Colleague: 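Take a look at the following structure, please.
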Amino acid sequence: MSRKKPKPEDILADHSPEVRELVQRLRELVKATIPEATETAYASWHGIGYRHPQSGYFCAIFPQADDVRLGFEFGVLLPDPEGILEGTGKQVRYVHLNTAERIPVASIQPLLLAALSLPDGREAKMELIRNAARPAEE
């Protein structure tokens with residue numbers, strides 16, 4: 001028996017019109033900024049992920065009850081001069097977006113592009129994280 005592959009619409013089905021609208025605008029922003037990105041719905045994550053042919057998985061949109069998170073797999077490595085990335089983990093960072101607010105396109109587009117400028121392959125990115133965590137030698 002084959003399992004039906006989820007679609008973004010399946011992820012969004014139980015969300016409010018405001019959350020669905022915000023997710024749709026984010027999907028359009030990702031595709032406009034990185035046209036070669038492929039979009040995949042992940043039911044287990046309750047999110048919509050994006051991959052680039054060279055860089056691999058780089059971000060995902062996670063609808064919540066009243067807002068949306070734009071997650072960056074290696075967000076800890078991204079420059080964030082606007083200070084919009086949130087999170088304290090060793091790797092992932094998020095941009096929280098409220099349905100009542102405008103999407104800060106001028107702040108998000110550079111993050112999307114910076115995510116693609118990281119080295120190709122997961123292991124190369126993980127090595128950057130490990131190196132950054134090592135204490136400087138005296």
Side-chain angles (χ1 to χ4, degrees):
M1 180 170 122
S2 70
R3 216 171 149 160
K4 181 183 159 197
K5 188 175 179 180
K7 296 180 179 147
E9 293 72 25
D10 299 329
I11 301 296
L12 298 170
D14 294 331
H15 287 280
S16 70
E18 295 82 9
V19 167
R20 288 196 306 267
E21 165 72 20
L22 180 54
V23 169
Q24 183 57 35
R25 291 192 336 249
L26 281 172
R27 291 171 70 194
E28 291 168 2
L29 175 59
V30 172
K31 289 303 280 181
T33 305
I34 305 166
E36 61 276 13
T38 57
E39 179 182 79
T40 303
Y42 295 97
S44 60
W45 295 356
H46 194 73
I48 303 165
Y50 293 88
R51 295 185 65 78
H52 183 269
Q54 282 77 44
S55 301
Y57 170 72
F58 65 95
C59 79
I61 298 169
F62 298 100
Q64 308 291 299
D66 297 314
D67 58 8
V68 177
R69 293 188 305 167
L70 175 63
F72 290 91
E73 177 73 6
F74 295 97
V76 70
L77 298 173
L78 300 179
D80 183 23
E82 304 292 326
I84 65 170
L85 289 174
E86 299 178 11
T88 58
K90 295 180 181 180
Q91 181 178 326
V92 178
R93 294 291 182 269
Y94 296 95
V95 177
H96 273 100
L97 299 159
N98 186 302
T99 56
E101 298 172 339
R102 301 184 110 204
I103 295 174
V105 173
S107 300
I108 290 176
Q109 279 183 320
L111 290 171
L112 291 167
L113 296 171
L116 296 186
S117 71
L118 295 173
D120 292 350
R122 180 174 180 77
E123 188 52 40
K125 293 174 186 102
M126 292 304 293
E127 185 62 25
L128 286 176
I129 292 170
R130 285 191 290 273
N131 288 339
R134 290 188 185 120
E137 293 185 36
E138 295 182 27

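Position 1 is the first residue of the sequence; numbering continues from there. All figures in this text were calculated on a predicted structure; none of them were measured in a lab.
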Colleague: Check this for me, if you would: do E28 and K31 make a salt bridge, where the nitrogen-to-carboxylate-oxygen distance has to be below 4.0 angstrom?
Modeller: no

Colleague: Only one of L26, V68, L111, I103 forms a side chain to side chain contact (heavy atoms under 4.5 Å, CB included) with V95, so which one is it?
Modeller: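 Exactly one pass, corresponding to L111.
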
Colleague: Taking the side chain as everything from C-beta on, heavy atoms only, tell me whether D67 gets closer than 4.5 Å to H96.
Modeller: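 Yes, close enough: below the 4.5 Å cut-off.
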
Colleague: Can you classify the ring geometry of H15 versus H46 as parallel (below 30°), tilted (30 to 60°) or perpendicular (above 60°)?
Modeller: tilted

Colleague: Measure the CD-CD distance between E21 and Q24 for me, rounded to the nearest 0.5 Å.
Modeller: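 Separation between the atoms: 7.5 Å.
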
Colleague: Please check if the number of heavy atoms outside D120 that lie under 6.0 Å from its CG is greater than 12.
Modeller: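 It does: D120 CG has more than 12 such atoms within range.
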
Colleague: Hey, does P104 have a side-chain heavy atom less than 4.5 Å from the side chain of L97?
Modeller: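 Yes, side chains in contact.
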
Colleague: For the atom pair OG (S107) and CG (L112), what is the distance rounded to the nearest 0.5 Å?
Modeller: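 Going from OG on S107 over to CG on L112, the span is 11.0 Å.
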
Colleague: Does the pair R25 and E18 meet the rule for a salt bridge (Lys or Arg N to Asp or Glu O under 4.0 Å), with working shown?
Modeller: CA-CA 11 Å; R25 291 192 336 249; E18 295 82 9; over 6 Å; no

Colleague: Examine the side chains of E86 and Y94 and answer whether a donor and an acceptor come within less than 3.5 Å of each other.
Modeller: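 Side chains of E86 and Y94: no pair found under 3.5 Å.
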
Colleague: Please report the interatomic distance CG(L118) to CG(L78), rounded to the nearest 0.5 Å.
Modeller: 5.5 Å

Colleague: Please check if the side chain of K7 supplies one atom and the backbone of A41 the other of a donor-acceptor pair under 3.5 Å.
Modeller: no

Colleague: Can you tell which of V30, T38, I34 makes a side chain to side chain contact (heavy atoms under 4.5 Å, CB included) with Y50?
Modeller: V30

Colleague: Do Y57 and T40 come close enough that some side-chain heavy atom pair is under 4.5 Å?
Modeller: no

Colleague: Can E73 and R122 be counted as an ion pair, charged N to O under 4.0 angstrom?
Modeller: yes

Colleague: So do the side chains of F74 and M126 get within less than 4.5 Å of each other, counting heavy atoms only?
Modeller: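 With C-beta onward as the side chain, the pair touches.
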
Colleague: From the options R51, Q54, H52, select the one residue that forms a side chain to side chain donor-acceptor pair (under 3.5 Å) with E36.
Modeller: H52

Colleague: If you draw a 6.0 Å radius around CZ in R102, do more than 12 non-hydrogen atoms from other residues or ligands fall strictly inside?
Modeller: no

Colleague: Please name the residue in the list I48, L22, L12 that meets the side chain to side chain contact (heavy atoms under 4.5 Å, CB included) test with P63.
Modeller: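 Considering I48, L22, L12, a side chain to side chain contact (heavy atoms under 4.5 Å, CB included) with P63 is found only for L12.
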
Colleague: So, K125 side chain and P119 main chain: donor-acceptor pair closer than 3.5 Å or not?
Modeller: yes

Colleague: Keeping D80 on the side-chain end and L85 on the backbone end, is there a donor-acceptor pair under 3.5 Å?
Modeller: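 Flag set: sc D80 to bb L85 pair under 3.5 Å.
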
Colleague: Rounded to the nearest 0.5 Å, what separates atom CD1 in I129 from atom CD in Q91?
Modeller: 4.5 Å

Colleague: F72 and A115: which non-hydrogen atoms are nearest, and at how many Å?
Modeller: CD2-CB, 4.2 Å

Colleague: In Å and rounded to the nearest 0.5 Å, what is the CG to CZ distance from D14 to R20?
Modeller: 9.0 Å

Colleague: To the nearest 0.5 Å, how far apart are CG in L113 and CZ in F58?
Modeller: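 Reported value, rounded in 0.5 Å steps: 9.0 Å.
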
Colleague: Does atom CG of D10 have more than 12 heavy-atom neighbours from other groups under 6.0 Å away?
Modeller: yes

